[in-house]
Amino acid sequence: MSGSPSSIYRVRQLVDHDGATVTEVAEEAESNTGYAHPKEVHNAKVRLGGIDSFWLATNVKSGKFSSPKPTVPALFPSTSSTSSLIGRAKGASRLDVASPFSNIARGTKIEGITFGNAIRVPIAIGPGSGGHERLITDLTEGKLAVDIRNTVDAIEVRPGVYMISGFVRNSNGYYGLAPDTRLRAVPTVQVTGNVGTTRLSSGLLVFGAEVKWTEPVPMDLRSEAEILASAESWLARIKKAASHSTTDGSRDVAEIFRGVVAAAVSAEERYDLESAVSVLSGRQDLLDILPDMLARHEPWQSRMRKFEAEEHDRLRSDIKAKLAVAAEEESQRIAELRQQIIDAEGRLAVISHREVLVRNETEKHDELLKEKIAEAARTVASSSVDVTQKLREEVEQLKDELSKVLASHLVEDGPSSEPHAPIEEVVTARPDAEALPKATDEQCSTVIQRLRDATGLTEGRLFALLLQSTEGVPVLVGDGSTGIAAEIVSAVGGKSAAVLFCDPTRISFADLVGDERSGFARSIEIANANPEMLVPVALCGLTNGPCEYWLPQLVEMRRIGRLPPNLALIASAGVDGLRVSVPKSVMRYLFPLSVSRRDLTDTVEYAGSWLRFTPDAARIHDAIKVLRAKSVEPVLIGRLADILSRAPVTADLTEVASILVGEQRWTAAWRDGADHELIQYFQNLEN
C-alpha cells in the first residue's frame with residue numbers, strides 16, 4: 001500500500017498515453033523543503049487534469065507497472081522560480097512534459113500506484129511571508145505570482161475569506177484584479193462546512209474535498225489606514241457641506257456651489273462612503289459622543305420633533321382607517337349572524353309544530369294498533385281454544401273406537417302375545433323417509449370438477465368446505481356467495497338438500513324448522529333415515545338476521561347427537577344492505593372462505609348423494625406429516641389431522657391442509673383482534 005486509503009496527490013508530469021507522475025501533498029506539506037516522493041499512476045481522468053492539478057484519491061494501492069530506470073534521489077525539488085516562468089510561458093499546453101521534474105525523473109524507477117476513485121479538488125493562493133496586506137497589494141498591482149501551471153480556483157484575501165471571481169491571470173503568469181473589479185467592493189465568499197486545507201511552502205492552499213461556497217458579499221480590501229484617511233476626508237466634506245447649507249445668502253455663489261459639490265456623492269464614491277461609515281460606526285468613542293451632539297443641535301431636534309409628530313399623525317390615521325374597516329366587517333358579520341338566528345328560530349318553530357303533530361298522530365296510531373292487537377289476540381285465542389277442544393274430542397272419540405275394536409279382537413281371538421303401541425305414538429308417528437341414491441367415486445369427482453368451473457373455487461377449497469361442513473359452519477363471503485352456496489348443496493344433496501334464507505324474522509330454531517319451503521325439517525328426517533349419507537343444508541345470508549339465537553343451538557345439537565351428525569351446514573354472508581354483527585360467542589363456529597364469481601357459468605346436475613366423510617386410520621399419519629410441514633399450532637394438529645384424514649382419495653391433502661390451517665388466522669382475528677381481510681363482513685358492519 002502506498003499512501004493512505006484517502007490522500008491528496010499533485011500531478012507533476014504526464015507520461016505515456018494515460019499515465020502521470022504524482023506526489024502526495026501531505027509529504028510535500030510536512031517537508032520544510034517542499035520535497036516529496038514521486039509515484040506513477042495510470043489514470044486517464046487524472047491525466048486530463050493536466051500538470052499541477054490536485055486530486056483526492058481513495059483506495060490507493062501499490063501498482064505493478066514500472067520500468068527499470070537509473071536510480072535518483074528519493075526526494076526531489078518542486079518546480080523552481082525559473083521553471084515557474086518557463087511554465088507560465090508554456091501554460092497553454094497541458095501536455096507539455098519538458099519540465100525540470102522530467103529532467104530529474106528521467107530514467108528513474110518510480111513506484112506505481114492505482115486510484116480506486118479520484119476527485120479533483122480546488123486550490124487557492126494563500127498569503128506568503130508578507131501576510132494578507134502584501135497579497136492584496138500584489139493583486140492590485142497585477143504582480144501576484146504563484147508557482148503553479150494550472151489556474152487557481154480562489155485567492156485567500158482574509159483569514160477564511162476568499163475571492164472566487166474578480167481576478168484574472170495575465171499573459172505573464174501573474175494574477176491581478178479584473179478590469180471591472182473595484183478594491184472597495186470585492187465579492188468575497190467563505191467555505192460552507194468543515195473542509196480541511198493543506199498549506200504548501202509555495203503559498204498554495206489545497207482543499208481536502210470539494211468545496212461549497214457561501215453567497216458573495218462585497219468587502220473593502222483596502223488597509224485600515226486607507227479607510228481611516230477616507231473617513232476623515234468624508235468628515236471634512238460633510239462639515240463643509242453643512243456649513244454651506246446654513247448660509248443666509250450673503251456668501252459668494254461660487255462658495256455655495258462648492259458646498260453643493262462637496263455634499264454630492266457620485267456612484268463611484270458610494271462604496272468608499274460605505275467603507276468610511278462602517279469604520280466610523282465601529283468607533284465606540286464617536287458613538288458615545290454623537291447622542292449628546294445631536295441633543296444640543298436645535299435644527300436636528302426640530303426635525304426629529306416634526307418627524308415624530310408626522311409619524312404619530314400617520315399611525316393614528318392608519319389605525320383609525322383599519323378600525324373603521326374592521327368595525328364595518330364585524331357589523332356585516334353580526335347582521336348575517338342575526339339573520340341566520342332569525343331563520344333558525346323560524347325553522348325551529350316549524351319543526352316544533354311538526355313534532356307536536358307527529359306525536360299526536362303517533363299516539364293515535366299506537367292506540368289503534370293496541371286495539372287491533374288485542375282483538376287479534378282474542379280472536380286467535382278463541383279459535384285456538386275451539387280447535388284444541390275439537391281436537392281433544394276427536395282424540396277421545398278415536399280412543400273409544402280403538403278400545404272397542406281391541407276389545408272385540410280380544411274376545412274373538414283371545415289375548416295377544418304382542419303388546420300394542422301407545423296411542424300417542426300412533427298419532428305422532430311419521431312415515432319413513434325415502435332412501436337416497438348413492439353417488440360413485442367417479443360421479444363425485446365429476447361433480448367437484450363441474451363445481452370448480454361453475455363457482456370459481458379450486459378443488460382444494462371445495463373439499464375443505466365439505467369437510468368443515470360437518471364440523472363447524474363454513475361461510476362463503478363475497479359477491480355471488482349465496483348462489484354458490486345453494487349450487488353446492490343442490491349438486492351434492494339434490495332434493496334432500498335444504499336452502500334457508502336468513503332474515504330478521506327468524507330468531508329461533510323453531511322458525512327454521514317451521515319453514516316448509518326451505519325443506520329443513522325434511523332434510524333432518526332424511527339425514528336420520530340415511531345416517532351414512534351426506535345431507536347438505538345452505539344457510540344463505542347468515543348476517544341478515546340475529547343468528548346468535550339459533551346457530552349455536554344447531555351446531556351443538558348436531559355435536560351431541562340430538563340432530564343427525566351427517567347434516568352438512570354451508571352458509572353465506574351478506575355483503576351489503578341491512579346486516580347484523582355476529583358476536584364472538586358465535587364466531588367460533590364459523591370458517592370463512594372468500595369467493596369472487598358473481599354469476600354462475602352453469603348449473604351442476606345432481607348425480608347422487610355423497611357418503612358421509614369418515615376418518616381413515618391409514619391416512620392419519622399422512623395428514624400429520626402434511627400438517628407438520630406447515631406452521632400449525634400444536635393444539636390444532638390432532639383435530640385438523642382427523643378432519644384431513646376424512647378427505648376423499650382424489651383430494652390433494654397439501655392444498656386442503658393449506659385451506660384448513662387458515663382457521664388459525666381467523667381465530668386470532670375474532671379472539672385477539674388480529675388483522676383479517678374477512679372480519680369486516682361479520683363485525684362493525686355498515687350499510
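Counting only heavy atoms from C-beta outward, the side chains of Arg639 and Asp642 never approach each other to under 4.5 Å. Looking at Asp479 and Val575, their side chains come closer than 4.5 Å, going by heavy atoms from C-beta outward. Between Ile679 and Met587 there is a side-chain heavy-atom pair separated by less than 4.5 Å. With a 4.5 Å cut-off on side-chain heavy atoms, Ile123 and Ile148 count as touching. The side-chain heavy atoms of Val661 and Gln664, taken from C-beta on, include a pair separated by under 4.5 Å. For the pair Met163 and Val189, the minimum side-chain heavy-atom distance is 4.5 Å or more. Looking at Val656 and Leu644, their side chains come closer than 4.5 Å, going by heavy atoms from C-beta outward. In this structure, the side chains of Glu156 and Val161 stay at 4.5 Å or more apart for every pair of heavy atoms.
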*After noting the C-alpha distance and the side-chain angles of Lys322 and Asp318, does the key distance pass the salt bridge (charged side-chain N to carboxylate O under 4.0 Å, His left out) rule?*
CA-CA 6 Å; Lys322 291 181 180 178; Asp318 291 344; over 6 Å; no
*Check the pair Val191, Phe207 against side chain to side chain contact (heavy atoms under 4.5 Å, CB included), reporting the backbone distance first and the verdict last.*
CA-CA 10 Å; Val191 178; Phe207 293 94; 4.0 Å; yes
*Leu593/Val477 under side chain to side chain contact (heavy atoms under 4.5 Å, CB included): CA gap, chis, key distance, verdict*: CA-CA 6 Å; Leu593 292 172; Val477 179; over 6 Å; no
_Quick one, Phe54 with Leu204, criterion side chain to side chain contact (heavy atoms under 4.5 Å, CB included). Give me CA distance, side-chain angles, the key distance, then yes/no._
CA-CA 11 Å; Phe54 292 78; Leu204 283 177; 4.1 Å; yes
_side chain to side chain contact (heavy atoms under 4.5 Å, CB included), that's the test. Do Ile113 and Glu40 meet it? Break it down for me._
CA-CA 6 Å; Ile113 60 175; Glu40 184 177 348; over 6 Å; no
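Not one N or O on the side chain of Glu111 forms a donor-acceptor pair closer than 3.5 Å with the backbone of Pro38. Judged purely by atom type and a 3.5 angstrom limit, Arg199 has no side-chain atom pairing as donor or acceptor with the backbone of Val206. Remark: side-chain polar atoms of Thr192 are paired, donor with acceptor, to backbone N or O of Lys212 under 3.5 angstrom. Judged by distance alone, with hydrogens and angles left aside, the side-chain atoms of Arg452 form no donor-acceptor pair with the main-chain N or O of Thr458 at under 3.5 Å. The backbone N or O of Gln683 lies less than 3.5 Å from no partner atom in the side chain of Ser581, so there is not a single donor-acceptor pair. Side chain of Arg619 to main chain of Pro648: a donor-acceptor pair is present (N/O by atom type, distance under 3.5 Å, no hydrogens or angles). At least one donor-acceptor pair under 3.5 Å links the side chain of Trp666 to the backbone N or O of Leu590. At distances below 3.5 Å, not a single donor-acceptor pair connects side-chain atoms of Thr650 with backbone N or O atoms of Ser445. A donor-acceptor contact shorter than 3.5 Å is absent between the side chain of Asn170 and the backbone of Tyr175. Under the 3.5 Å distance criterion, the side-chain polar atoms of Thr214 are matched with a main-chain donor or acceptor of Gln190.
The minimum heavy-atom distance between Ala209 and Val195, with the atom names listed, is N-CG1, 3.9 Å. Shown here for Glu210 and Arg120, the closest heavy-atom pair between the two residues is CG-O, 4.2 Å. Looking at every heavy atom in both residues, Leu457 comes nearest to Ser594 through CD2-O, 4.0 Å. Taking each heavy atom of Phe167 and Asp153 in turn, the nearest pair found is CZ-O, 4.1 Å. Between Pro216 and Pro187, the shortest heavy-atom distance links the atoms CB-CB, 4.2 Å. When every heavy atom of Ile164 is checked against every heavy atom of Ala154, the shortest pair comes out as CG2-CB, 3.9 Å.
Taking CD from Glu215 and OG1 from Thr188, the interatomic distance works out to 12.0 Å, rounded to the nearest 0.5 Å. Between the CD1 atom of Ile448 and the CG atom of Asp453 there is a distance of 11.0 Å, given to the nearest 0.5 Å. Note that CD1 of Ile643 is 6.0 Å distant from CG of Leu660, once rounded to the nearest 0.5 Å. Atom CG of Leu183 sits about 7.0 Å away from atom CD1 of Ile136, to the nearest 0.5 Å. To the nearest 0.5 Å, atoms CD (Glu459) and CD (Gln449) are separated by 5.5 Å. Atom NZ of Lys143 and atom CG of Asp138 lie 8.5 Å apart (nearest 0.5 Å).
Within 6.0 Å of CD on Glu133 lie no more than 12 heavy atoms contributed by other residues, nucleotides or ligands. Summarising the local packing, CG of Asp672 is surrounded by more than 12 heavy atoms from other residues, nucleotides or ligands at distances under 6.0 Å. The 12-atom threshold is exceeded at NZ of Lys630, counting heavy atoms of other residues, nucleotides or ligands nearer than 6.0 Å.
Aromatic rings from Tyr162 and Trp213 are positioned such that their centres are separated by under 6.0 Å.
Taking the six-membered ring where tryptophan is involved, the planes of Phe115 and Tyr9 are tilted, since the angle between them lies from 30° to 60°.
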